[in-house]
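Heads up, the thing below is written out as structure tokens.
Since the model is a prediction, treat every value here as computed from it, not as a measurement. Only heavy atoms go into these numbers, but all of them, side chains included; no hydrogens, no water, no symmetry mates. By convention in this document, chain letters (A, B, ...) are assigned in the order of the sequence lines, proteins followed by strands, and residues within each chain are numbered from 1.
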Number of protein chains: 2
Amino acid sequence: MKPTVHDIARSAGVSLATVDRVLNGRPGVRSVTREKVEQAIVALGYVRDLAAANLAKGRTYSFCFVLPANDNSFMIRLREEVEDAIRRSAPERARIEIVEVPAFDAAALVTALDAIRDQGADGVALVAVDAPEVRAAVERLTQAGIAVVTLVSDLGASSRDHYAGIDNSAAGRTAANLMGRFLSKVDGRVAILAGSMLVRDHRERLEGFLSVLGEEFPRVAILPVIEARDDPALVETMVREALRRHPDIAGIYSLGAGNRGLIRVLKEKGTASRPVVIAHELTASTREALQGDLIDAVLNQDPGHEVRSAIRVLKAKADGLPVLAAQERIRIDIFLKDNLP
Amino acid sequence: MKPTVHDIARSAGVSLATVDRVLNGRPGVRSVTREKVEQAIVALGYVRDLAAANLAKGRTYSFCFVLPANDNSFMIRLREEVEDAIRRSAPERARIEIVEVPAFDAAALVTALDAIRDQGADGVALVAVDAPEVRAAVERLTQAGIAVVTLVSDLGASSRDHYAGIDNSAAGRTAANLMGRFLSKVDGRVAILAGSMLVRDHRERLEGFLSVLGEEFPRVAILPVIEARDDPALVETMVREALRRHPDIAGIYSLGAGNRGLIRVLKEKGTASRPVVIAHELTASTREALQGDLIDAVLNQDPGHEVRSAIRVLKAKADGLPVLAAQERIRIDIFLKDNLP
DNA sequence: CTGAAAGCGCTTACAG
DNA sequence: CTGAAAGCGCTTACAG
């Protein structure tokens, strides 16, 4: 039988309360007593039953997800995944709330984070806007003992406990590698479509893409980055304009959201004469475009995994437990039309 | 406050024991009583605390992993992941055992499965050899109320509860798509390297590869499949021989294991004059080959995810709980040298 | 600094 | 068919 606190108490000749004090590193135990208990613990090979502990504590976790009120498909999915988690969280003694803030708005994000700190919570997950004032607000949260996980987009050099998202620089490099190999002519021109350089994920993808393309496919020319705020309508206009001005565009790397707009333009061009296209995030529209041969590859991050991972990490932090790095690494999915889930 | 069994008992005017009987669908409750309780349950919006239930039951899960005694890197990793899980399983009231059986040996697998059924267990995970007698043994397990999960390689049309592995047909199709696009000449010759046609995963990869290559890259010629039993030494000999007989091989798809042998041959040829190579499973050697430009892409399944997923599913089945399909889908990782983890 | 007792939410003999 | 009581492994006031 697995040893319990009773076994330790008996073996060390102390009471349950004392065992508990030692187990939880609480003060008020003479060091001789503490040592006796510690010896019993290793001698018996005791490992504590966390479920029982949490039950006794009546512990219920309280987490908050701060999400941008962005209406692109990816953010909508992300919100749905959090809502699903909320539905499942009832039996797991966790209370999860969603707070929406305007997209790409550091000030609003800071206000929301400070409000959470004032209310109190065990942990916060946020899609970070990469700005000094956000860094400072996160610092205030961690100072207050609240665990912080960045979601989807990270915050550079901050005190957040964990980042639940993909390596965006690797994603950019991967996109460049595929783009270079998929281009039929070695010396085409490539257009890059981004949302905003205010968020770190877009900046990192861009950087990664440019570096690999520059090193390994030096004859490919790159047009100035098109910044379309992840807005389908704006994307559509700007891509149309770019293709008009540069009819020889051989490839498009869409590293942000709003791909619906891009796909409308591609559809007009037709499968045969469209450029090579690599986009991010598998949504209803990119999936359809992949199947309809309008897009060549989609790099994806799984919002369900990100949300579940963020919650697992917040729980582990709240319990003071280590996180299983391998389990929490969010992978870059590469989808061709052949491996769509 | 979340309602508990006490609240239901009070609200329905019955005892805890009766509430428990209704909750767990146990017999011996008059239907009037049962209905009173059921009404209270919905009225209060009760949801049971599984952790507390398991604690009270003193439930401890007993699972068994049946793994092939294969010494390729992938199987070694898989075993290590199970061992890690065993280490972590102590606090989670689960007892997990590993049983080793000779690789590609249906009879030995059947013997092992029947032994487990006789001993008793809550669930079994096995790397299936796709044979009728294995199917029958699995049937006997599920008949005995033991949950069965196939791991890495599935068992066609069987009564297994779940498959924790990738879609191998999609993996083969994806490999073909990449191969077709990566080949510099549209009309090269491609060699295929497999382990054994006795395991379903290899057969499915082959099928998927051939179908996409045939449809989308019809001018690519395919050489007869080389079957090398996942054995590095054998792989080395056979690949060397193939390259000697067909010096014009432009691509190699290695859909099984034993890639160390393949990589030795590639190293001799040198980065510049080697064929396009797509392989499976990220191991120390394929990783190094990817970084050293000896391999172009590696399709991977994450053994850690597969093992953890198998355990989650076995637990859910043992508890009679639904599995979260989205969470348990094992993805095909595509690694280029740019997105290595 | 230490311990006896009650309790977390559920289940399980046992008695009636 | 139904209920009172004890217990799962841990924690928490409270008393000393």
Side-chain angles (χ1 to χ4, degrees), chain A residues 1-41 44-61 89-95 318-321, chain B residues 1-41 44-61 89-95 318-321:
Chain A
M1 275 316 306
K2 258 187 63 181
T4 73
V5 276
H6 290 96
D7 301 313
I8 301 178
R10 194 169 341 107
S11 156
V14 300
S15 74
L16 286 182
T18 298
V19 173
D20 188 70
R21 287 184 190 104
V22 175
L23 238 28
N24 292 288
R26 278 189 268 271
V29 185
R30 258 194 313 168
S31 47
V32 243
T33 319
R34 175 172 305 270
E35 267 161 32
K36 268 195 303 184
V37 175
E38 273 162 357
Q39 276 167 23
I41 290 175
L44 299 184
Y46 171 81
V47 342
R48 95 119 95 5
D49 184 327
L50 237 172
N54 283 340
L55 174 59
K57 277 199 272 228
R59 190 186 203 333
T60 117
Y61 306 89
S89 69
E92 297 182 12
R93 14 189 94 251
R95 203 164 40 82
D319 286 335
L321 256 40
Chain B
M1 275 318 304
K2 260 188 64 183
T4 72
V5 276
H6 290 97
D7 301 313
I8 302 179
R10 194 170 338 109
S11 157
V14 300
S15 73
L16 287 182
T18 299
V19 172
D20 188 70
R21 288 187 189 101
V22 174
L23 238 28
N24 293 287
R26 277 188 269 270
V29 185
R30 257 192 316 167
S31 49
V32 243
T33 319
R34 177 173 304 272
E35 268 162 31
K36 268 195 303 183
V37 175
E38 273 162 358
Q39 276 167 23
I41 289 175
L44 298 184
Y46 171 81
V47 342
R48 97 120 93 4
D49 184 327
L50 237 172
N54 283 339
L55 174 59
K57 276 197 273 228
R59 189 189 204 330
T60 117
Y61 306 89
S89 69
E92 295 181 13
R93 14 190 94 251
R95 202 165 40 83
D319 286 334
L321 255 39

**OP:** Using a 4.5 Å cut-off on heavy atoms from C-beta on, say whether the side chain of Leu50(B) contacts that of Leu321(B).
**Re:** yes

Original post:
So what does Val14(B) hit on the nucleic acid, given a heavy-atom distance under 4.0 Å: a base, only sugar-phosphate, or nothing?
Top reply: sugar-phosphate

Subject >> Partner residues of Gln39(A) under the side chain to side chain contact (heavy atoms under 4.5 Å, CB included) criterion, sequence neighbours left out >> reply: none

Subject >> Rounded distance [0.5 Å steps], CZ in Arg10(A) versus OG in Ser15(A) >> reply: 13.5 Å

Original post:
Say you draw a straight line from OG1 of Thr4(A) to CG of Asp49(A); how long is it, rounded to the nearest 0.5 Å?
Top reply: 10.0 Å

Subject >> N/O (side chain, Thr18(B)) to phosphate O (OP1/OP2, dG3(D)) under 4.0 Å >> reply: yes

Original post:
Taking the side chain from Asp20(A) and the backbone from Leu16(A), do they hold a donor-acceptor pair closer than 3.5 Å?
Top reply: no

Subject >> Which atom of Ala40(A) lies closest to which atom of Ile8(A), heavy atoms considered >> reply: CB-CG2, 3.9 Å

Original post:
Looking at CZ of Arg21(B) and OG1 of Thr18(B), how far apart are the two atoms once the value is rounded to the nearest 0.5 Å?
Top reply: 5.0 Å

Original post:
Looking only at heavy atoms, which two atoms of Arg34(B) and Val29(B) are closest? And how far apart?
Top reply: NH2-CB, 3.6 Å

**OP:** Give the dot-bracket string for DNA chain C, reading 5' to 3', where a pair is Watson-Crick or G-U wobble with both distances under 3.5 Å, ( ) marks pairs inside the strand, [ ] marks pairs crossing earlier ones, | marks a partner on another strand, and . marks unpaired.
**Re:** |||.||||||||.|||

Original post:
Quick one: what's the B/S/- string for nucleotides 8-16 of chain D, heavy-atom cutoff under 4.0 Å, read 5' to 3'?
Top reply: BBBBB----

